[in-house]
Structure formats: structure tokens, C-alpha cells
Amino acid sequence: MAKKSDGRPRHQQIAAELRSLIMAGDLAPGTRLPTTQQLMAQYSVTSQTVQRTLNVLKDENFIVGRAGIGVYVRDVPSLAITPASYMPPAPQAQAYPWMTEATKRSQRGTIRLLEVSEVAPPAAVAEALGVARPETVSLRHQMLLLDDQPTELAWVYHPLTIAQGTSLMDRRRIPGGSPRLLAELGYPPRQWVDRLSTRLPTTEELEALELPDDVPVLRTFRVVYTDEMRPIEVQVLIKGGHLYELMYEQDIV
């Protein structure tokens with residue numbers, strides 16, 4: 001099989017290389033990038049190509065321009081989110097973990113409820129919940145924000161046998177989040193399984209999360225189980241792949 005060559009425009013190739021260096025830490029936060037002339041010489045390209053490269057990285061918030069000084073790697077590295085921090089039910093009188101975890105990072109986390117409805121689930125959700133179509137499920141569609149910046153879109157599904165007649169179907173936020181409510185209803189979350197993938201965003205996702213063009217999203221398909229491995233919740237989570245990382249920890253037995 002013939003080796004595939006990189007057919008992307010040259011500025012995208014250079015942006016990909018610089019992005020990789022930033023994410024690897026070889027261009028550390030606060031580092032000044034080479035000048036336009038130096039980048040032109042390093043990559044054998046024109047000034048216009050360098051500017052297009054820098055504009056891509058600026059749109060993605062990897063670099064910032066400082067007037068009269070130069071271009072620098074953003075001061076704050078990618079945010080590493082630990083999914084396990086959000087799974088246990090929040091203690092009484094505590095806010096949803098999205099907010100408390102943000103506070104630990106000196107950020108302000110908020111949740112905007114976009115939709116609460118009874119819907120026919122996507123096929124993958126129906127299969128995960130053991131729902132026979134055309135049976136419906138409850139949906140809570142939310143946007144999660146950090147410091148008022150859209151961070152993540154969430155579609156959270158529950159079987160109607162659990163959600164009907166509970167706050168899961170009320171158009172208001174649930175104190176402590178769904179894990180606490182599920183535990184109170186007799187369905188304590190015991191285990192969860194994530195499937196991660198990447199793809200380009202839909203128009204809805206690009207506009208809602210204010211993403212730069214052509215930036216992929218990180219998609220998490222999460223199934224939450226209670227006792228006896230009964231599925232009680234499915235989450236479909238979408239976030240920009242350029243600013244966030246997921247961090248998992250597991251003891252080796």
C-alpha cells in the first residue's frame with residue numbers, strides 16, 4: 001500500500017506541529033514563539049502562511065498575541081478533567097460536583113438546562129438502557145460552563161420506569177445532581193463505563209460551544225449502572241477537543 005502523504009494546506013500542517021509541541025510541553029505555557037521571520041525560515045514558507053498558521057492557533061486559544069512584544073503560548077495548559085470526580089452522589093448540602101470541582105480550580109462552574117423532555121432515544125442509548133423502541137425515555141439536555149464560557153454539552157437519558165414522577169423530569173436543576181437523586185430513589189450508582197471517540201462537531205455543537213472551524217470534539221458515551229449491573233443512566237457528553245483532556249486513574253491489583 002502506498003504511503004499516504006499529508007495533503008492539508010501548509011499552514012494547517014505547521015499548526016498541527018506547533019500544537020503537538022504545546023500539548024507535549026515542549027513549548028511550555030508562557031513561552032514566546034519564534035518571530036515571523038524565524039518561522040518563515042524554519043518551515044520555508046511565506047509570511048502569509050505563517051500568519052494563517054498563527055491565526056489558527058489563536059482561534060483555538062493555544063497562543064496569544066501581545067501587542068508590540070510577540071506571540072506566546074497560552075499561560076494555562078489544557079484542563080485535565082477527572083470523570084471519577086463527578087460520579088459519586090454529592091453529600092447533602094453540597095452543590096453538584098461540576099461546581100465544587102471548579103471551585104477547587106479557582107473557577108466558577110455553572111449548568112444551564114436547555115431541555116427536559118420525553119423522547120425516543122437514539123439507537124445506541126436504547127440498547128444501553130435495554131429499552132425496546134419505540135419506547136420513550138427521559139432526556140435532560142444541559143450546557144456546562146466554566147467562568148461563563150461554554151465547556152460541554154450533555155444529553156442525559158433515564159428510563160421512564162425510574163424518571164416518571166420524579167425531579168428528573170422537572171425543568172429545573174436537581175440539587176446535588178442526578179447521582180444523588182438516583183441514590184435517594186433507591187438506584188445508587190455503582191459502576192460506569194465510558195466509550196470515548198472523536199469527530200468533527202455538528203452545527204449545533206460548533207455554535208453552542210463556540211468552537212473554531214475544523215476542531216474535533218471529544219465524545220463520551222457513558223453508561224451508569226446500579227446494583228446487579230442494571231443500567232440507570234446514559235450520558236452523551238461533547239466537549240472541544242482542543243482545550244480539555246480526560247484523566248483516568250486505576251490501581252493495578
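Residue Ala28 comes nearest to Val73 through the heavy atom pair O-CB, 3.4 Å, listed as atom of the first residue, atom of the second, then distance. Closest heavy-atom contact between Pro88 and Pro97: O-CG, 4.3 Å.
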**Report entry** Check against side chain to side chain contact (heavy atoms under 4.5 Å, CB included), Arg52 and Ile14
**Finding:** CA-CA 10 Å; Arg52 294 181 70 184; Ile14 300 170; over 6 Å; no
Query - Thr136/Glu118 under side chain to side chain donor-acceptor pair (under 3.5 Å): CA gap, chis, key distance, verdict - result: CA-CA 6 Å; Thr136 57; Glu118 183 178 326; 2.7 Å; yes
Requested in this report: Begin from the C-alpha positions of Ser117 and Glu115 and carry the test side chain to side chain donor-acceptor pair (under 3.5 Å) through to its verdict.
Outcome: CA-CA 6 Å; Ser117 59; Glu115 176 188 358; 2.8 Å; yes
Query raised in the report: Step by step, would you call Leu139 with Trp155 a side chain to side chain contact (heavy atoms under 4.5 Å, CB included)?
Result: CA-CA 7 Å; Leu139 165 66; Trp155 290 260; 3.9 Å; yes
Report task. Start with the C-alpha distance between Glu233 and Ser178, add both sets of side-chain angles, then the distance that settles side chain to side chain donor-acceptor pair (under 3.5 Å), and finish with yes or no. Result -> CA-CA 9 Å; Glu233 180 176 274; Ser178 64; 2.8 Å; yes
Report task. Start with the C-alpha gap between Asp214 and Val56, add the side-chain angles, then the distance that decides, and say whether side chain to side chain contact (heavy atoms under 4.5 Å, CB included) holds. Result -> CA-CA 10 Å; Asp214 298 326; Val56 167; over 6 Å; no
Report task. Could you check Tyr187 against Asp227 for side chain to side chain donor-acceptor pair (under 3.5 Å), going step by step and ending with a plain yes or no? Result -> CA-CA 7 Å; Tyr187 306 100; Asp227 298 319; over 6 Å; no
Requested in this report: Go through Arg32 and Val71 one step at a time and tell me if the side chain to side chain contact (heavy atoms under 4.5 Å, CB included) criterion holds.
Outcome: CA-CA 6 Å; Arg32 181 178 178 178; Val71 179; over 6 Å; no
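In the hydrophobic clustering of this structure, Leu246 groups with Tyr244; members are Ile, Leu, Val, Met, Phe, Trp, Tyr whose side-chain heavy atoms approach within less than 4.5 Å, directly or through other members. Both Leu33 and Phe62 are assigned to one and the same hydrophobic cluster, defined by single-linkage of ILVMFWY side chains at heavy-atom distances under 4.5 Å. A single hydrophobic cluster is seen to contain both Tyr96 and Leu185, as judged by linkage of ILVMFWY side chains at heavy-atom distances under 4.5 Å, directly or through other members. Leu206 and Leu237 fall into different hydrophobic clusters, where Ile, Leu, Val, Met, Phe, Trp and Tyr residues are linked whenever their side-chain heavy atoms come under 4.5 Å apart, directly or through other members. Residues Ile69 and Ile63 fall into different hydrophobic clusters, defined by Ile, Leu, Val, Met, Phe, Trp and Tyr side chains chained together at heavy-atom separations under 4.5 Å.
Arg74 CZ: more than 12 foreign heavy atoms inside a 6.0 Å radius. The number of heavy-atom neighbours closer than 6.0 Å to CD of Glu127, taken from other residues, nucleotides and ligands shown, is 12 or below. The environment of Arg112 atom CZ is sparse: at most 12 non-hydrogen atoms of other residues, nucleotides or ligands sit within 6.0 angstrom.
Ring planes of Tyr86 and Trp98: tilted class, angle from 30 to 60°.
For the pair Thr198 (side chain) and Val217 (backbone), a donor-acceptor distance under 3.5 Å is absent. Under the 3.5 Å distance criterion, the side-chain polar atoms of His11 are left unmatched by any main-chain donor or acceptor of Val50. Using modelled atom types, no side-chain atom of Asp170 and backbone atom of Arg172 make a donor-acceptor pair closer than 3.5 Å. Thr166 places a side-chain N or O within 3.5 Å of a backbone atom of Leu168 that can act as its donor or acceptor partner. The backbone N or O of Ser85 sits nowhere less than 3.5 Å from a side-chain atom of Thr82 that would complete a donor-acceptor pair. A donor-acceptor contact shorter than 3.5 Å links the side chain of Thr202 to the backbone of Glu205. Formation of a donor-acceptor pair under 3.5 Å by the Arg219 side chain with backbone atoms of Lys239 is not found in this model. Formation of a donor-acceptor pair under 3.5 Å by the Arg10 side chain with backbone atoms of Thr53 is not found in this model. Using modelled atom types, one side-chain atom of Arg180 and one backbone atom of Ala90 make a donor-acceptor pair closer than 3.5 Å. For the pair Ser20 (side chain) and Glu17 (backbone), a donor-acceptor distance under 3.5 Å is absent.
In this structure, the separation between CZ on Arg19 and NE2 on His242 is 9.5 Å, given to the nearest 0.5 Å. Here the CD1-CD distance, from Ile238 to Glu204, works out to 9.5 Å after rounding to the nearest 0.5 Å. Rounding to the nearest 0.5 Å gives a distance of 9.0 Å between CG of Leu145 and CD1 of Ile111. Atom OG1 of Thr151 sits about 8.0 Å away from atom CG of Leu209, to the nearest 0.5 Å. For the atom pair CG of Leu114 and CD of Gln142, the computed distance is 8.0 Å after rounding to the nearest 0.5 Å. Rounded to the nearest 0.5 angstrom, Gln42 CD and Gln37 CD are separated by 13.0 Å.
At a cut-off of 3.5 Å, with distance as the only test, a side-chain donor of Thr49 or Thr46 sits close to an acceptor on the other residue. At a cut-off of 3.5 Å, with distance as the only test, no side-chain donor of Gln235 or Thr220 sits close to an acceptor on the other residue.
Seen from the ring of Phe221, Arg195 counts as a face-on cation partner, given the 6.0 Å and 45° thresholds.
A salt bridge links Asp75 with Arg66: at least one charged nitrogen is closer than 4.0 Å to a carboxylate oxygen.
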